[in-house]
Amino acid sequence: MNHKGYIKSVIGGTCLALACATLFFSCARGKKRFSGDDMSHHVIITYLTTGDRPTNGATEKMLKKLNEILDKKVNAELQLYYIPWSDYLFNYDVTLAQMDGTLDLVGTASDWLDAWQNAKNGTFLGMTDEMLKKYAPKTYASVSAAHWDMCRMKDKIYLLPEDNYAQWINHGFMYRTDWAKEAGLSNGVHSWEDLTKYLRYVKTNKPGVIGWNASGELSTYHGDGYIASKSDYVPLEGIDSYLMFGVRRSNLNKIYSPFYEGQELVDYARLMREWHNIGVWPENVMLNTDADNRGDFKKGISSLEQHHSQTWYSQLVPAIQKNFPGAECGFFWFGEEAGNVTSMTITHGAMAISAASKNPERALMVYDLIRNDPECYRLFNYGIEGVQYTLTKDGYREGIKDASSISTNYWWGRNDDLEIRDKGVAWDKFEEISAIYDKVKIDYPYPQIVWSLDNISSELAAISDVWGQYMGRICYGEETDPEAYVARFRAALKTAGIEKVISELQNQLDKYNSSR
């Protein structure tokens with residue numbers, strides 16, 4: 001998923017929803033907790049991750065085997081605590097803020113899980129280099145000094161980065177290349193205009209196939225994609241979940257919002273009205289919240305799927321090849337027209353230690369094993385060999401049919417040195433798209449900025465409300481005069497205080513740049 005993978009909408013919630021974030025195992029195991037690193041005491045280390053708690057029993061069986069190893073090596077055992085996807089960010093932050101000592105390892109991210117805000121608020125432990133060298137020596141040695149510096153705030157290290165795992169999660173549209181060729185697009189889809197031509201062809205020539213069985217809940221994704229494709233916009237992380245504020249590749253020192261100014265949003269709104277008139281999505285798209293478009297795409301009854309690169313090469317290319325022999329699945333990536341793609345920060349996935357942890361040293365020991373020990377890594381990521389998977393003669397991992405899968409959602413320390421490639425993934429497509437991205441990418445320009453939002457929190461909340469009121473209707477062409485509706489949207493953003501937000505962020509960026 002992730003991550004902008006994976007989800008961008010942040011829904012309000014109540015503390016009552018925290019009941020859903022159920023402990024996988026009870027804390028009351030009769031094991032004594034301790035302070036410090038007295039290795040004679042057996043301890044329980046609790047790992048918090050996002051995602052729904054599995055119910056098939058497979059993860060418990062894996063943990064039993066893993067805990068036998070952890071008990072032997074560091075006199076500890078691991079239990080999992082899940083924050084369900086519903087209202088996930090609210091529940092995540094509230095759970096961490098309780099600071100009741102029940103959490104140790106915390107999966108986090110700078111771009112979608114408020115990592116720096118939690119560090120600033122004191123909910124994450126600031127660690128010294130000496131502490132990491134002693135209790136997580138393999139991790140410390142594997143991370144470069146430059147990468148550790150990207151995880152510091154005021155001379156303390158707050159995050160253990162996932163910096164040795166190659167992934168691309170930027171989004172785009174997946175489509176049928178055989179249908180694109182039939183539509184006259186012999187080289188595939190490489191622009192929004194190509195995409196529109198493809199959708200017109202499908203509507204006219206593929207009865208029973210919907211252009212895109214879209215869900216109104218996902219409206220923000222393709223709006224960002226159009227702007228990335230038609231400009232050099234680089235959104236900044238850690239400000240809002242809609243990525244409304246950023247800079248240009250051509251001017252990294254000036255804050256602006258393409259949702260508030262510029263022509264791209266107007267052109268996008270017009271195009272989405274055109275898609276609406278073509279009949280690309282269901283008429284009730286804004287209420288179509290339980291659609292299974294990915295399943296429909298695999299079945300050949302939807303012509304597009306929108307998600308990130310990893311989903312394309314790992315899931316949909318193999319599925320289309322299997323279900324429709326001779327057919328292929330192409331990928332039009334957001335930013336392709338402008339060659340505009342930004343590599344993720346190394347803290348897109350990271351592990352933190354709760355500042356209230358009673359056993360931070362042992363938590364680091366456990367993390368060091370999960371990240372670097374081959375046996376622990378395979379168990380925690382893939383399950384039990386012979387139960388969840390087998391290895392082929394050429395070293396690929398092959399899932400066992402009808403086996404119950406494990407779910408640890410370990411997106412905070414994956415390690416390419418220990419990864420086992422899945423036999424079912426189109427790795428040639430991964431290599432192909434990675435080479436394309438590497439030619440045009442830029443590194444995220446401001447990985448160490450911790451934005452202070454205290455003075456603009458009410459404005460950001462008001463802007464979020466305006467977004468929720470207007471953006472979905474723009475994204476799905478619901479208005480007959482899209483240009484006028486964008487003007488109304490922007491007027492509402494001004495009333496909500498967007499100019500104050502931009503000014504405040506600019507002041508912070510200027511101070512950051514002058515201090516370097």
Side-chain angles (χ1 to χ4, degrees), residues 1-6 162 164-183 185-192 194-195 198-199 202 212 221-222 224-225 228-229 293-300 302-344 348-349 381-382 389 391-392 394-399 411 414-441:
M1 162 144 191
N2 147 17
H3 347 82
K4 182 189 174 188
Y6 1 122
E162 185 178 72
N164 190 38
Y165 180 72
Q167 63 174 327
W168 286 98
I169 63 161
N170 59 297
H171 282 238
F173 278 114
M174 285 141 268
Y175 63 94
R176 289 281 293 272
T177 57
D178 49 331
W179 292 352
K181 289 177 181 178
E182 293 174 18
L185 299 163
S186 57
N187 293 321
V189 171
H190 299 288
S191 70
W192 286 79
D194 288 348
L195 198 59
Y198 169 82
L199 289 166
V202 169
W212 181 24
Y221 287 143
H222 57 292
D224 290 350
S229 298
N293 183 74
R294 187 168 302 166
D296 292 344
F297 184 80
K298 291 177 181 179
K299 295 173 185 175
S302 177
S303 73
L304 287 181
E305 168 62 346
Q306 189 284 127
H307 209 243
H308 53 63
S309 307
Q310 192 168 5
T311 300
W312 170 60
Y313 63 75
S314 68
Q315 296 183 35
L316 295 188
V317 170
I320 293 300
Q321 290 174 341
K322 177 182 177 181
N323 295 342
F324 305 96
E328 290 290 342
C329 177
F331 188 58
F332 167 56
W333 51 278
F334 294 155
E336 180 173 350
E337 293 168 79
N340 181 19
V341 64
T342 304
S343 59
M344 291 181 304
H348 169 74
N381 284 276
Y382 311 129
Y389 72 96
L391 295 178
T392 65
D394 49 359
Y396 285 88
R397 176 171 49 88
E398 187 171 26
W411 303 315
R414 287 168 292 183
N415 185 349
D416 275 338
D417 294 338
L418 299 178
E419 282 285 302
I420 310 172
R421 285 190 163 185
D422 188 340
K423 181 182 178 182
V425 170
W427 293 109
D428 58 330
K429 299 296 185 183
F430 166 75
E431 303 291 350
E432 174 188 311
I433 200 69
S434 296
I436 292 171
Y437 292 152
D438 284 339
K439 289 181 181 178
V440 297
K441 72 177 182 180

Side-chain contact test, heavy atoms from C-beta onward, threshold under 4.5 Å: evaluate it for [X] versus [Y] and give yes or no.
{"X": "Gln167", "Y": "Trp411", "answer": "no"}
{"X": "Leu195", "Y": "Leu304", "answer": "yes"}
{"X": "Arg176", "Y": "Phe324", "answer": "yes"}
{"X": "Gln321", "Y": "Glu328", "answer": "yes"}

Hey, could you give me the [atom1]/[atom2] distance between [X] and [Y], rounded to the nearest 0.5 Å?
{"X": "His190", "Y": "Phe331", "atom1": "NE2", "atom2": "CZ", "result": "12.5 Å"}
{"X": "Glu336", "Y": "Ser191", "atom1": "CD", "atom2": "OG", "result": "8.5 Å"}
{"X": "Leu199", "Y": "Asp194", "atom1": "CG", "atom2": "CG", "result": "11.0 Å"}
{"X": "Lys441", "Y": "Ile436", "atom1": "NZ", "atom2": "CD1", "result": "14.0 Å"}
{"X": "Glu337", "Y": "Ser229", "atom1": "CD", "atom2": "OG", "result": "5.0 Å"}
{"X": "Tyr437", "Y": "Ser343", "atom1": "OH", "atom2": "OG", "result": "12.5 Å"}

Check for a donor-acceptor pair, side chain of [X] on one end and backbone N or O of [Y] on the other, with a separation under 3.5 Å.
{"X": "Tyr198", "Y": "Ser303", "value": "yes"}
{"X": "Tyr382", "Y": "Tyr389", "value": "no"}
{"X": "Asn340", "Y": "Ala228", "value": "yes"}
{"X": "Ser302", "Y": "Asp296", "value": "no"}
{"X": "Glu162", "Y": "Arg414", "value": "yes"}
{"X": "Ser309", "Y": "Asn170", "value": "yes"}
{"X": "Trp427", "Y": "Tyr313", "value": "no"}
{"X": "Asn323", "Y": "Lys298", "value": "yes"}
{"X": "Trp212", "Y": "Asn293", "value": "no"}

How far apart are the closest heavy atoms of [X] and [Y], and which atoms are they?
{"X": "Asp416", "Y": "Ala166", "answer": "OD2-N, 2.8 Å"}
{"X": "Ile320", "Y": "Ala327", "answer": "CG2-CB, 4.0 Å"}
{"X": "Gly395", "Y": "Ile420", "answer": "O-CG2, 3.5 Å"}
{"X": "Pro318", "Y": "Ala426", "answer": "CG-N, 4.1 Å"}
{"X": "Ala180", "Y": "Val189", "answer": "CB-CG2, 4.5 Å"}
{"X": "Gly188", "Y": "Tyr175", "answer": "CA-OH, 3.5 Å"}

Please verify the inter-ring angle class for Trp192 with Phe334; under 30° counts as parallel, over 60° as perpendicular, anything in between as tilted.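 Parallel: the ring planes of Trp192 and Phe334 meet at under 30°.
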Which of these passes side-chain contact (heavy atoms from CB on, under 4.5 Å) with Phe297: His307, Glu305, Gln315, Gln306?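 The option that passes is Glu305.
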Take Leu316 and Arg294, measure what side-chain contact (heavy atoms from CB on, under 4.5 Å) needs, and give me the verdict at the end. CA-CA 8 Å; Leu316 295 188; Arg294 187 168 302 166; 3.9 Å; yes
May I have the step-by-step check of side-chain contact (heavy atoms from CB on, under 4.5 Å) for Trp168 and Trp333, ending in yes or no? CA-CA 11 Å; Trp168 286 98; Trp333 51 278; over 6 Å; no
